[in-house]
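A short write-up of the structure that comes next.
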2 protein chains.
Amino acid sequence: MVQLDTFDLKLLAALQDDGRLTNQQLADLIGLSASQCSRRRMRLEEEKVISGYHADLAGEVLGFELIAFIQITLATHSPDNAKKFRELVGRVDAIQEAYSLTGDADYLLKAVLRNLKSLSDIVNNVLMPHQSVAHVRSSIVLDKLKERAKLPLSTIQK
Amino acid sequence: MVQLDTFDLKLLAALQDDGRLTNQQLADLIGLSASQCSRRRMRLEEEKVISGYHADLAGEVLGFELIAFIQITLATHSPDNAKKFRELVGRVDAIQEAYSLTGDADYLLKAVLRNLKSLSDIVNNVLMPHQSVAHVRSSIVLDKLKERAKLPLSTIQK
DNA sequence: CATTACGATGCACAGATTGTGCATAATGCT
DNA sequence: AGCATTATGCACAATCTGTGCATCGTAATG
């Protein structure tokens, strides 16, 4: 775990909020010179504390009306089966996030979809028929309370 | 839903990948002049197609070793109870995402945590004792197959 | 205590980037 | 065709970026 001082944390917090802040704007925000912000930013990128920068696109505006969480239970837990499932997940663009989990289901998928038909399509024509999959249970997002919250940097010691 | 042409889609895809691309770099990527990229980018921001830019921080490097999904069932579905629960969610920094869902649980939370003790703390000392909450079930992420995948812009017509 | 070594800092500056005005090209409409 | 509207590239002033460099503070060493 990297050693970070107060300037680093402020800088990370600021960039987490707005990834296109200029070094000058960062400088004004955290009370350092622009050049020093540039150097610190480069260091944090180098160290992979900052893993990247991304534009956040508004799914709804682009016609992705639906978010669904899909719980998957595999047919068997053989490595071969797991591998096939992972390949499937990688191939389906609508699946934005995928995790293997403890608990009753083996995997949790988050899918972004155009409408209910697309969800039905993914569940019934892609996931269910796949040989690796034993059981599928999907839930539709009714409301987002929180999305893309920042990491709680304030809890970092020193 | 906004009308987008091929240039817009290429531009969005590029910025989704790297949110700090300069207009010149965008220009080279999508085959347009830098000034025009600047203008299109401004329009897409104006129209909220691009909702923001964010630095992506590596949780593991910062000591957040654990991701957990927590399913919550409310005690009652009264508006008052829901409101109290939402306030709770807003207050807890470790909860990064929160959705209300169809299906057996009312809410799904994604929490980023320092260790198992923090998870136990949130579940047993924050969520369980809260008056609005009837049932809590948590799952720990064992592996990330996909995270922060891009919106499948290729599926957008025109 | 003095000295040395080292990292962090601000400043200066050359080179790159940004957004806007403007003339021109492309597109759509009557 | 004729006209209006929009998109485009170019030019350019203002801004931003990263690097060299001198200085400062701090910790370690003699």
Side-chain angles (χ1 to χ4, degrees), chain A residues 1-58 60-63 150-151 153-158, chain B residues 1-58 60-63 150-151 153-158:
Chain A
M1 188 168 149
V2 199
Q3 192 57 17
L4 303 171
D5 66 11
T6 314
F7 288 133
D8 290 322
L9 291 176
K10 282 189 188 174
L11 199 146
L12 291 174
L15 285 173
Q16 214 177 359
D17 250 350
D18 181 354
R20 282 194 82 106
L21 286 170
T22 67
N23 292 323
Q24 187 54 59
Q25 289 171 313
L26 280 170
D28 296 341
L29 280 171
I30 75 179
L32 218 52
S33 68
S35 58
Q36 202 57 13
C37 289
S38 167
R39 277 185 279 247
R40 278 173 182 266
R41 202 156 61 77
M42 279 191 287
R43 177 168 56 77
L44 292 167
E45 288 164 11
E46 196 70 32
E47 292 171 344
K48 299 290 178 201
V49 179
I50 298 173
S51 60
Y53 300 90
H54 305 277
D56 205 6
L57 307 189
E60 326 82 57
V61 181
L62 291 165
K150 304 197 297 178
L151 283 181
L153 298 176
S154 51
T155 67
I156 292 179
Q157 62 284 19
K158 170 76 217 263
Chain B
M1 187 168 151
V2 198
Q3 191 58 17
L4 303 171
D5 67 12
T6 314
F7 288 132
D8 290 323
L9 291 175
K10 282 189 188 173
L11 198 147
L12 291 174
L15 285 173
Q16 213 177 357
D17 250 350
D18 180 354
R20 280 194 83 105
L21 286 170
T22 67
N23 291 323
Q24 187 55 59
Q25 289 171 313
L26 280 170
D28 295 342
L29 279 171
I30 74 179
L32 218 52
S33 67
S35 57
Q36 202 56 13
C37 288
S38 168
R39 277 186 279 246
R40 276 173 185 266
R41 201 157 61 75
M42 280 191 287
R43 177 168 55 76
L44 293 167
E45 288 165 10
E46 194 71 32
E47 292 170 345
K48 300 289 179 202
V49 178
I50 298 173
S51 60
Y53 300 90
H54 305 277
D56 206 6
L57 306 188
E60 325 82 58
V61 180
L62 292 165
K150 304 195 300 178
L151 283 181
L153 297 175
S154 52
T155 67
I156 292 179
Q157 61 284 16
K158 171 76 214 275

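Chain letters run A, B, ... following the sequence lines, proteins first and then strands; every chain starts at 1. The model shown is predicted, which means the values in this text are computed figures rather than measured ones.
Under a 3.5 Å cut-off, the side chain of B:Asp17 and the backbone N or O of B:Ala14 do not form any donor-acceptor pair. Using a distance-only test at 3.5 Å, with no hydrogens or angles considered, no donor-acceptor pair links the side chain of A:His54 to the main chain of B:Asp18. Between the side chain of B:Gln36 and the main chain of B:Ser33, no donor-acceptor pair closer than 3.5 Å is present.
Rounded to an integer number of Å, the gap from B:Leu29 CG to C:dT17 C1' is 16 Å. Look at CG on A:Asp28: it is 13 Å from P on D:dT15, rounded to the nearest Å. Atom pair B:Tyr53:OH and C:dT18:P shows a separation of 11 Å (rounding to whole Å applied). For the pair B:Phe7 CZ and C:dT27 P, the computed distance is 11 Å after rounding to whole Å. Distance A:Leu26 CG to D:dC16 P: 12 Å, rounded to the nearest Å. Taking atom CZ of residue A:Arg39 and atom P of nucleotide C:dA8, one finds them 10 Å apart after rounding to whole Å. When the P atom of C:dA8 is taken as reference, atom CG of A:Asp8 falls 9 Å away, rounded to whole Å. Between the CE atom of A:Met42 and the C1' atom of D:dG18 there is a distance of 6 Å, rounded to whole Å.
In this structure, the nucleotide among D:dG18, D:dC21, C:dG21 sitting nearest to the side chain of A:Asn23 is D:dG18. If you check D:dG18, C:dT18, C:dT9 against the side chain of B:Thr22, the one that comes closest is C:dT18. Of the candidates D:dG20, C:dG19, D:dC16, C:dG19 carries the atom nearest the B:Ser38 side chain, counting heavy atoms from C-beta on. For A:Gln36, counting side-chain heavy atoms from C-beta on, the closest listed nucleotide (C:dG10, D:dG18, D:dG9) is C:dG10. The side chain of A:Arg20 has C:dT18 as its nearest neighbour among D:dT19, D:dG18, C:dT18.
The side chain of B:Arg40 contributes an N or O atom lying less than 4.0 Å from OP1 or OP2 of D:dT8.
Judged by atom type and distance alone, B:Ser33 does not reach the base of D:dC10 through any side-chain donor-acceptor pair under 3.5 Å.
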Side chain to side chain contact (heavy atoms under 4.5 Å, CB included) assessment of B:Arg40 paired with B:Leu32:
CA-CA 10 Å; B:Arg40 276 173 185 266; B:Leu32 218 52; 3.5 Å; yes
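The side-chain contact (heavy atoms from CB on, under 4.5 Å) test with A:Glu45 is passed by exactly one of A:Lys48, A:Glu47, A:Arg41: A:Arg41.
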